[in-house]
Trainee: 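The structure's right below; bear with me while I get my questions together.
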Amino acid sequence: QVQLVQSGGGSVQSGGSLRLSCTASGYIEGRYCMGWFRQLPGQERLGVGVVDSEGNTNYRDFVRGRFTISQDNAKNTLYLQMNSLKPTDTAMYYCAAFGPANGYCAASYNVAEYRYWGQGTQVTVSS
């Protein structure tokens with residue numbers, strides 16, 4: 001089993017920055033794909049950015065150029081750096097992972113593919 005524990009988040013004014021962290025623990029063997037998602041009350045969880053097992057990232061248009069995913073493999077930690085935040089970025093943010101894959105793991109925005117989820121962290125951006 002893999003556990004994902006998130007930290008970071010909080011409240012910030014429009015134009016500000018926040019960084020979310022997601023640390024994996026447990027039985028971690030093989031290659032995993034990971035992603036960051038966000039969700040508003042009553043709405044479906046939506047992918048923000050994803051990363052494949054090679055570390056290649058992909059972002060949704062609405063965050064591209066503002067959000068950056070990075071990894072520290074030595075710490076088993078995934079980060080989401082969020083800059084130029086807008087009130088529309090307000091949501092609960094989740095990190096997620098699926099795998100392991102024997103070979104290459106292709107990144108995905110499909111929520112159903114993700115087996116492991118962090119506990120979620122609230123991001124609130126005020127105007």
Side-chain angles (χ1 to χ4, degrees):
Q1 277 285 43
V2 174
Q3 293 82 42
L4 302 177
V5 177
Q6 296 178 225
S7 61
S11 298
V12 67
Q13 288 192 327
S14 182
S17 298
L18 287 171
R19 189 177 79 160
L20 306 183
S21 300
C22 173
T23 300
S25 63
Y27 185 74
I28 305 171
E29 289 290 337
R31 293 170 171 240
Y32 287 79
C33 279
M34 299 195 72
W36 287 98
F37 295 77
R38 68 188 190 189
Q39 187 174 25
L40 289 171
Q43 297 187 18
E44 294 184 352
R45 202 162 290 186
L46 179 67
V48 171
V50 294
V51 56
D52 68 14
S53 57
E54 299 295 326
N56 300 305
T57 55
N58 184 275
Y59 302 94
R60 295 283 195 179
D61 287 346
F62 53 81
V63 302
R64 188 174 292 120
R66 300 188 298 121
F67 289 13
T68 303
I69 295 173
S70 62
Q71 294 175 289
D72 185 336
N73 292 327
K75 296 181 179 179
N76 289 330
T77 299
L78 185 76
Y79 301 98
L80 180 66
Q81 178 67 43
M82 303 182 291
N83 298 328
S84 302
L85 282 161
K86 306 175 182 180
T88 51
D89 293 318
T90 295
M92 184 72 77
Y93 283 73
Y94 297 88
C95 66
F98 69 91
N102 291 326
Y104 173 69
C105 175
S108 172
Y109 285 106
N110 185 352
V111 172
E113 290 197 58
Y114 287 81
R115 180 177 180 183
Y116 307 105
W117 290 88
Q119 79 276 20
T121 184
Q122 179 68 35
V123 171
T124 302
V125 185
S126 58
S127 58

Trainee: Is it true that atom CZ of Arg115 has more than 12 heavy atoms of other residues, nucleotides or ligands lying nearer than 6.0 Å?
Mentor: no
Trainee: Decide whether Val125 and Phe62 are clustered together by the hydrophobic rule: side chain heavy atoms of Ile, Leu, Val, Met, Phe, Trp, Tyr closer than 4.5 Å, transitively.
Mentor: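 Val125 and Phe62: one cluster.
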Trainee: Can you check whether Arg66's main-chain N or O pairs, donor with acceptor, with Ser84's side chain at less than 3.5 Å?
Mentor: no
Trainee: Got a sec: does the CD of Gln13 have more than 12 other heavy atoms crowding it under 6.0 Å?
Mentor: no
Trainee: Within the distance-only criterion (no hydrogens, no angle test), does the side chain of Arg60 pair as donor or acceptor with the backbone N or O of Gly47 below 3.5 angstrom?
Mentor: yes
Trainee: Can Leu85 be reached from Val63 by stepping across I, L, V, M, F, W or Y side chains whose heavy atoms are under 4.5 Å apart?
Mentor: yes
Trainee: Is it true that a side-chain atom of Gln6 and a backbone atom of Tyr93 form a donor plus acceptor pair closer than 3.5 Å?
Mentor: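 Here the side-chain-to-backbone pair exists.
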Trainee: On a heavy-atom basis, which atom in Tyr109 and which in Asn58 lie closest, and how many Å separate them?
Mentor: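 Looks like OH-OD1, 2.7 Å.
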Trainee: Can you give me the closest heavy-atom contact between Pro87 and Ser127, atom names plus distance?
Mentor: CG-CB, 3.9 Å
Trainee: Can a salt bridge be assigned to the pair Asp89 and Lys86 using a cut-off of 4.0 Å between side-chain N and carboxylate O?
Mentor: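 No.
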Trainee: Do any N or O atoms from the side chain of Arg45 and from the backbone of Gln39 form a donor-acceptor pair under 3.5 angstrom?
Mentor: no
Trainee: List the atom of Cys22, the atom of Met34, and the distance in Å for their closest heavy-atom pair.
Mentor: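 It is SG-CE, 4.2 Å.
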Trainee: With under 30° as parallel and over 60° as perpendicular, where do the rings of Tyr114 and Phe98 fit, or are they tilted in between?
Mentor: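 Geometry flag for Phe98 against Tyr114: perpendicular rings.
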Trainee: Please tell me if the side chains of Val123 and Met82 come closer than 4.5 Å, counting only heavy atoms from C-beta onward.
Mentor: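 In short, these two side chains touch, coming nearer than 4.5 Å.
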Trainee: Is Trp117 reachable from Met92 through a run of hydrophobic residues whose side-chain heavy atoms are each under 4.5 Å from the next?
Mentor: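 Yes, same cluster.
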Trainee: Minimum heavy-atom separation for Phe37 to Ser108, with atom names?
Mentor: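 Reported closest heavy-atom pair: CZ-O, 4.4 Å.
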Trainee: Would you sort out whether Val51 and Trp36 count as a side chain to side chain contact (heavy atoms under 4.5 Å, CB included), showing the intermediate values?
Mentor: CA-CA 9 Å; Val51 56; Trp36 287 98; over 6 Å; no
Trainee: Between Thr68 and Tyr59, is there a side-chain heavy-atom distance shorter than 4.5 Å?
Mentor: yes
Trainee: Do Val111 and Val48 sit in one hydrophobic cluster, given that two such residues count as connected whenever their side-chain heavy atoms are within less than 4.5 Å of each other, even indirectly?
Mentor: no
Trainee: Return the SG to CG distance between Cys33 and Asp52, rounded to the nearest 0.5 Å.
Mentor: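 Spacing of SG (Cys33) from CG (Asp52) equals 6.0 Å.
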Trainee: Once rounded to the nearest 0.5 Å, what's the spacing between atom OG of Ser21 and atom CG of Asp72?
Mentor: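 Atom-to-atom, Ser21:OG and Asp72:CG are 10.0 Å apart.
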Trainee: Return the CG to CG distance between Leu4 and Leu78, rounded to the nearest 0.5 Å.
Mentor: 9.0 Å
Trainee: Working to the nearest 0.5 Å, report the span between OH of Tyr94 and CZ of Arg38.
Mentor: 13.5 Å
Trainee: Would you check if there is a donor-acceptor pair between the side chains of Asn76 and Thr23 at a distance under 3.5 Å?
Mentor: no
Trainee: With clusters defined by side-chain heavy atoms of hydrophobic residues (ILVMFWY) lying less than 4.5 Å apart, directly or transitively, does Leu46 cluster with Ile69?
Mentor: yes
Trainee: Taking all heavy atoms of Gly103 and all of Ser53, pick out the closest pair and write down the distance.
Mentor: O-OG, 4.2 Å
Trainee: To the nearest 0.5 Å, what is the distance between CG (Leu20) and CZ (Phe67)?
Mentor: 8.5 Å
Trainee: Give me the atom names and distance for the closest heavy-atom approach of Tyr116 to Gln1.
Mentor: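 Nearest pair, atom of Tyr116 first, then Gln1: CE2-OE1, 3.2 Å.
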